[in-house]
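First the structure, in the form of structure tokens, and then the observations on it.
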Amino acid sequence: MENTKQVKLILEDGTEIEGTSFGAFTSVAGEVVFSTAMTGYPENLTDPSFAGQILVLTYPMVGNYGVPGEELYESISKIFESDKIHIAGLVVNYYSEEHSHWNAAKSLGDWLAEYNIPGIFGVDTRMLTKKLREKGAMLGKIVAGEDIELHDPNQDNLVAQVSQPEVQHYGSGQHKIVLVDCGTKTNIIRCFLERDVELIRVPWDYDFTKIDYDGLFLSNGPGDPKMCEATIGHLQTALQQDKPIFGICLGNQLMSLAAGADTFKLKYGHRSHNQPVLLTGTKRSFITSQNHGFAVDTATLPAEWTMLFENLNDGTCEGIKHKTKPFFSTQFHPEAAGGPEDTEYLFDDFLTAVADYKNR
């Protein structure tokens, strides 16, 4: 194997799990969460929403198709969801040292090592996942050599850590869309550029109300949405207007908070490519890609707002909409990288609302 050094995964309840190191041989602390996605680790590991988290992959063999080489599309990555790996650490059952795929450029272990991210394999991930489902997401650490203290990343403003610090421009289409970057996935930008828009990407705390735009988009991102006080404040101003607003994941929570609702932390979150959601008031359901640890408390939604989608597994809120204004959001990921594309039509619905607003 690439590395036969032994490391430990230690949970806050005192559980110690021994395994073998791959990637970087270093210690790290974070929140231990699990994802049931069967494929898509290059996308998952580069998703900024995983910042601060030690990710457990439930699929038993990981690394068999390696990691693709970087390609650019309109100055952004064509493959990855950001410009680096964002997880704190990776936990798998069986790590495949040998990889084979037509576009593989390197092994998963080498890729992790490039970004100084530790991995541990030889772990009974089924047992670990059952523990996390029963007790909820737990603090933990991967210890390689010297021990370190546990750390709760949800006490940090993770959005401030992953948001791009400067305004960036993409495309030159007919609609001017402001994207509030709270840790946006690159495929969100791709989905907009494929629909011929001018996209203005602004930092999480940027006062976008000073910009002349046709539509506002709120991105996904990591951590507790209540940390984003500046974003919520600017959004409250935007909600007084009638320009269309669309939010995804953290964007759903931020819109809810700005509207006057509350959010709460889920026991173990939704992280997979197979979460079923129901379009409220219909019998129409969709399979969705998700990655979040917080949710909206629908009981606290003001009277002028309603739930747009509902999670069919646990009944939690998967989106909201305003009853009269063109504001809506989803807790799941319509851009779905990786994952099903059942709900990508929501980008078209948003841009239709933008066109209608401009033409009224």
Side-chain angles (χ1 to χ4, degrees), residues 12 28-33 44-55 81-89 115-117 136-141 148-168 178-186 188-189 200-210 216-239 245 247-266 268-271 290-297 329 331 333:
E12 62 178 298
V28 69
E31 181 182 35
V32 183
V33 301
N44 281 344
L45 271 57
T46 53
D47 180 352
S49 294
F50 276 120
Q53 296 180 329
I54 297 174
L55 177 61
E81 291 308 296
S82 67
D83 58 2
K84 67 177 184 179
I85 298 176
H86 283 278
I87 62 167
Y115 291 94
N116 199 37
I117 307 295
M138 304 174 69
L139 299 184
K141 54 188 176 181
I148 58 173
E149 296 294 324
L150 293 171
H151 175 68
D152 184 358
N154 293 302
Q155 300 301 313
D156 302 331
N157 189 337
L158 296 173
V159 167
Q161 295 177 18
V162 301
S163 176
Q164 291 293 320
E166 298 179 350
V167 176
Q168 298 175 326
V178 168
L179 185 161
V180 183
D181 178 14
C182 297
T184 188
K185 292 174 64 180
T186 305
I188 290 173
I189 299 175
I200 306 172
R201 181 181 185 180
V202 301
W204 71 280
D205 57 351
Y206 190 89
D207 187 359
F208 52 80
T209 64
K210 307 298 184 182
L216 178 65
F217 177 82
L218 312 171
S219 86
N220 63 292
D224 187 341
K226 293 177 181 177
M227 290 283 187
C228 302
E229 294 182 359
T231 315
I232 294 168
H234 299 320
L235 186 53
Q236 287 171 334
T237 300
L239 291 177
I245 306 175
I248 288 177
C249 197
L250 183 75
N252 175 60
Q253 299 158 20
L254 294 176
M255 189 181 295
S256 300
L257 290 169
D262 197 11
T263 57
F264 65 96
K265 195 174 191 310
L266 292 165
Y268 49 80
H270 300 151
R271 298 175 183 87
Q290 303 197 14
N291 177 15
H292 60 99
F294 289 80
V296 174
D297 182 356
S329 57
Q331 189 58 65
H333 284 268

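- At least one side-chain heavy atom of Pro153 sits under 4.5 Å from a side-chain heavy atom of Leu158.
- In this structure, the side-chain hydrogen bond (donor to acceptor under 3.5 Å, both in side chains) partners of Thr209, at least two apart in sequence or on a different chain, are Asp207.
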Practice task
Go through the steps to decide whether His292 and Asn220 satisfy the test side chain to side chain donor-acceptor pair (under 3.5 Å), and finish with yes or no.
Solution key: CA-CA 9 Å; His292 60 99; Asn220 63 292; over 6 Å; no

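- Side-chain contact between Glu12 and Val32: absent, with no pair of heavy atoms (C-beta onward) separated by less than 4.5 Å.
- Here Gln331 contributes atom CD and Gln253 contributes atom CD; the two are 4.5 Å apart, rounded to the nearest 0.5 Å.
- Of the listed residues (Ile189, Val180, Val167), just one forms a side chain to side chain contact (heavy atoms under 4.5 Å, CB included) with Arg201, and that residue is Ile189.
- Qualifying ring pair (Phe, Tyr, Trp, His ring centres under 6.0 Å) partners for His86, counting only residues two or more places apart in sequence or in other chains: none.
- Side-chain contact check for Asn116 versus Val28: every heavy-atom pair is 4.5 Å or farther apart.
- Rounding to the nearest 0.5 angstrom, the gap separating the CZ atom in Arg271 from the CD atom in Gln290 is 10.5 Å.
- Enclosure of atom CZ in Phe208 by more than 12 non-hydrogen atoms of other residues, nucleotides or ligands within 6.0 angstrom is indicated.
- Counting only heavy atoms from C-beta outward, the side chains of Leu55 and Val33 approach each other to under 4.5 Å.
- Of the candidates Val178, Leu235, Ile248, Leu179, Leu235 is the only one forming a side chain to side chain contact (heavy atoms under 4.5 Å, CB included) with Leu218.
- Looking at heavy atoms from C-beta onward, Asp181 lies out of side-chain contact with Pro203 at the 4.5 angstrom threshold.
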Problem - Working for side chain to side chain donor-acceptor pair (under 3.5 Å), residues Asn291 and Asp47 - result: CA-CA 9 Å; Asn291 177 15; Asp47 180 352; 2.9 Å; yes

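- Considering Ile245, Val296, Leu250, Asn252 as possible partners of Ser329, the one that fulfils the side chain to side chain contact (heavy atoms under 4.5 Å, CB included) test is Asn252.
- Taken from CD in Glu31 to CZ in Phe50, the straight-line distance is 11.0 Å, to the nearest 0.5 Å.
- Nearest heavy atom pair, residue Ser219 against residue Cys182, reads OG-N, 2.8 Å.
- Residues Asp83 and Tyr115 share a closest heavy-atom pair of O-OH, 3.6 Å.
- Here the CG atom belonging to Leu45 is positioned 5.5 Å from the CD1 atom belonging to Ile85, to the nearest 0.5 angstrom.
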Which donor-acceptor pairs under 3.5 Å do side chains of residues 222-233 form with protein atoms, sequence neighbours excluded?
residue, atom, partner, partner atom, Å
Asp224, OD1, Lys226, N, 3.0
Lys226, NZ, Asp262, OD1, 2.7
Thr231, OG1, Trp204, O, 2.6

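- Using a distance-only test at 3.5 Å, with no hydrogens or angles considered, a donor-acceptor pair links the side chain of Ser82 to the main chain of Thr46.
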